Amino acid sequence: MVSDELLVATHISKSFGEKLVLDRVSLTVRQGETVTIIGASGSGKTTFLRCLNRLETPDAGSIRLGEEVIGGPPATEANLARQRRLFGFVFQRFNLFPHLTALQNVALGPRRVLGLPRAAAEARAARDLDRVQLSEHAHKRPSQLSGGQQQRVAIARALSMEPRIILFDEPTSALDPELVQEVLDTMRALAADGMTMVVVTHEMRFARHVADRVVFMADGRIAEEGTPAALFDTPRDPRLQRFLRHLEPAV
Amino acid sequence: MEFDWSVVRYAAPLLAAGIVMTLKVSVVACVLGLVLGLAAGLASLSSSRVLRFLVRAYVDFIRGTPLLIQIFLVFFALPVVGVRLPEFWAGVAALAINSGAYIAEITRGAVGGVERGQTEAALSIGMTQRGVLWWVLLPQAWRPMIPALTNDLITLTKNSSLLSAISVYELTRAGQAVISTHFAPFEIYLLLALYYYLLITALSFASRRIERALPTW
């Protein structure tokens with residue numbers, strides 16, 4: 001076993017009703033690595049990501065993060081909640097809390113989950129908003145921020161729990177085109193700082209230039225994985241070849 | 001038919017005493033009904049099947065039976081099992097139990113109506129279900145609840161007139177007392193209607209002011 005393995009997902013399967021969405025998917029992510037997952041919609045990539053921090057409960061398979069086996073034992077709500085905060089999760093539609101300011105959004109976890117005193121929680125939130133370069137918007141509500149700014153607040157909210165890994169679920173798909181770059185820049189800076197990240201994305205430039213490794217999913221399985229150069233320049237799986245041809249102008 | 005102004009002049013101050021009692025009954029029943037309804041609404045969102053079933057049964061019973069029967073049950077049937085409440089508290093309890101069922105449904109609807117992504121975001125930062133409810137869902141749910149709650153509390157105030165049936169000396173009962181001595185049902189019931197109307201109008205006005213003063217996001 002390689003010692004710097006951080007996340008090891010083994011044979012994850014998941015069905016919704018009759019439909020098999022994930023079919024024994026296995027993935028290993030090393031400490032500090034950025035892995036992107038690409039694939040057509042319906043290929044299971046988002047469901048796989050949501051299984052990793054148990055927003056979806058896998059039907060079968062196991063997930064290990066460091067020394068922790070995710071989902072127990074003990075399989076209690078408290079243990080699962082504690083384990084979830086080892087993962088940051090960034091949603092496609094941001095899912096910021098609309099009734100709270102940017103600062104309060106970021107401070108909520110440290111304050112109510114970690115139990116820090118208010119001042120300490122807000123200091124930490126200020127630090128993380130600064131990290132995504134939104135200090136000057138700390139006291140605005142989400143509705144007063146652009147989509148790109150909202151997504152950066154969501155990234156700061158994930159950072160505030162000091163997670164060991166951050167999962168991104170199509171973080172730029174809900175954004176207007178001119179707002180995509182600021183979010184990708186923030187993510188690139190996190191990757192450069194050594195944050196471990198798994199990113200489901202349609203941004204092929206990000207996958208090519210920022211990721212250490214690219215995983216292509218099709219029909220609920222990993223069809224091909226390797227370095228960005230290997231996947232984009234010499235794809236072997238015919239479904240990947242077809243997928244890339246459709247994206248040609250963007251790559 | 002002659003409209004008898006003298007009986008109106010005679011009754012107006014007498015009825016004022018009744019309106020004080022109507023207000024007292026309504027306010028106390030409102031507070032208890034809110035507490036009961038919020039608690040029942042939250043219980044119906046819990047993961048316990050027993051709690052959910054109990055709330056379901058409670059709401060079904062209240063919706064499926066007339067309020068007047070519920071009032072009689074509290075006043076006449078409870079003493080049989082050893083619980084004897086004076087008229088005022090029996091009336092207040094019946095109104096609170098009645099409105100609590102509707103408020104439970106309002107609470108369940110409003111909390112359940114918050115977008116699913118809010119729960120997922122809160123879970124993703126390590127909150128338990130209880131934390132999600134308390135810190136994320138409830139703070140977003142109470143504002144959309146206000147109009148429905150206002151409606152319910154207005155209904156409760158009007159329903160308090162049924163307590164005349166168990167001799168609570170509220171507005172309707174006070175009116176009936178005047179009618180029985182002066183035999184002027186037309187004048188007095190018209191006066192009662194006016195009193196209720198003014199009371200409810202004041203309540204609606206206050207609730208609209210409160211609603212406007214609430215923060216939006």
Side-chain angles (χ1 to χ4, degrees), chain A residues 49-50 52-56 76-101 104-115 121 125 128 140-145 150 153-154 156-163 166-169 174, chain B residues 34 38 41-53 55 106-150 207 210-217:
Chain A
L49 200 71
R50 291 165 58 87
L52 292 179
N53 76 336
R54 275 275 199 298
L55 282 179
E56 302 286 355
T76 59
E77 199 208 350
N79 190 46
L80 184 57
R82 184 187 60 77
Q83 291 183 330
R84 275 211 186 95
R85 59 184 208 237
L86 305 173
F87 297 85
F89 199 99
V90 175
F91 297 85
Q92 182 177 354
R93 311 204 64 88
F94 333 134
N95 296 355
L96 291 182
F97 307 126
H99 59 299
L100 301 178
T101 64
Q104 290 167 333
N105 261 277
V106 182
L108 188 68
R111 177 116 172 79
R112 300 302 175 191
V113 177
L114 302 181
D128 292 321
K140 290 188 180 162
R141 300 253 166 137
S143 59
Q144 297 169 293
L145 298 173
Q150 288 186 55
V153 173
R157 178 175 66 184
L159 286 171
S160 74
M161 300 305 289
E162 302 187 335
I166 302 185
L167 313 175
F168 293 81
D169 181 17
Chain B
L34 274 173
L38 286 172
L42 295 185
S44 74
L45 290 161
S46 86
S47 49
S48 155
R49 294 169 66 109
V50 178
L51 272 181
R52 286 206 308 265
F53 172 79
V55 175
I106 294 170
T107 306
R108 194 170 65 92
V111 173
V114 177
E115 202 203 340
R116 173 78 197 148
Q118 293 289 307
T119 298
E120 293 189 345
L123 290 176
S124 80
I125 54 172
M127 280 195 185
T128 57
Q129 288 292 347
R130 186 184 299 254
V132 174
L133 186 63
W134 196 251
W135 301 115
V136 175
L137 299 183
L138 279 181
Q140 295 184 62
W142 63 271
R143 190 172 199 285
M145 281 169 66
I146 296 288
L149 281 182
T150 305
S207 99
I210 292 170
E211 215 179 311
R212 264 206 301 269
L214 291 177
T216 51
W217 46 79

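If you're wondering where the values come from, they're calculated on a predicted model, not measured in any experiment. Numbered from 1 within each chain, the chains take letters A, B, ... in sequence-line order.
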Option in A/Arg84, A/Gln144, A/His99, A/Arg157 with maximal non-hydrogen atom pairs under 4.5 Å from chain B
A/His99
Who wins among A/Arg85, A/Arg82, A/Gln83, A/Arg54 for the most heavy-atom pairs under 4.5 Å with chain B?
A/Arg85
Apply the side chain to side chain contact (heavy atoms under 4.5 Å, CB included) test between A/Ser160 and each candidate in A/Val106, A/Leu114, A/Val113; give the one that qualifies.
A/Val106
Going by the rule side chain to side chain donor-acceptor pair (under 3.5 Å), which residues pair with A/Glu77 if we only count those two or more places apart in sequence or in a different chain?
none
Applying a strict 4.5 Å limit to non-hydrogen atoms, the region of A/Phe89 in contact with chain B is both
Report, one line per pair, each donor and acceptor closer than 3.5 Å where one atom sits in a side chain of residues 116-127 of chain B; sequence neighbours left out.
from: B/Gln118; atom 1: OE1; to: B/Gln140; atom 2: NE2; distance (Å): 2.8
from: B/Gln118; atom 1: NE2; to: A/Leu96; atom 2: O; distance (Å): 2.7
from: B/Glu120; atom 1: OE1; to: A/Arg50; atom 2: NH1; distance (Å): 2.9
from: B/Glu120; atom 1: OE2; to: A/Arg50; atom 2: NH1; distance (Å): 3.4
from: B/Glu120; atom 1: OE2; to: A/Arg50; atom 2: NH2; distance (Å): 2.7
from: B/Ser124; atom 1: OG; to: B/Ala121; atom 2: O; distance (Å): 2.7

Is it the side chain or the backbone of A/Arg93 that comes within 4.5 Å of chain B heavy atoms, both, or neither?
neither
Less than 4.5 Å apart, any side-chain heavy atom of A/Leu55 and any of A/Leu49?
no
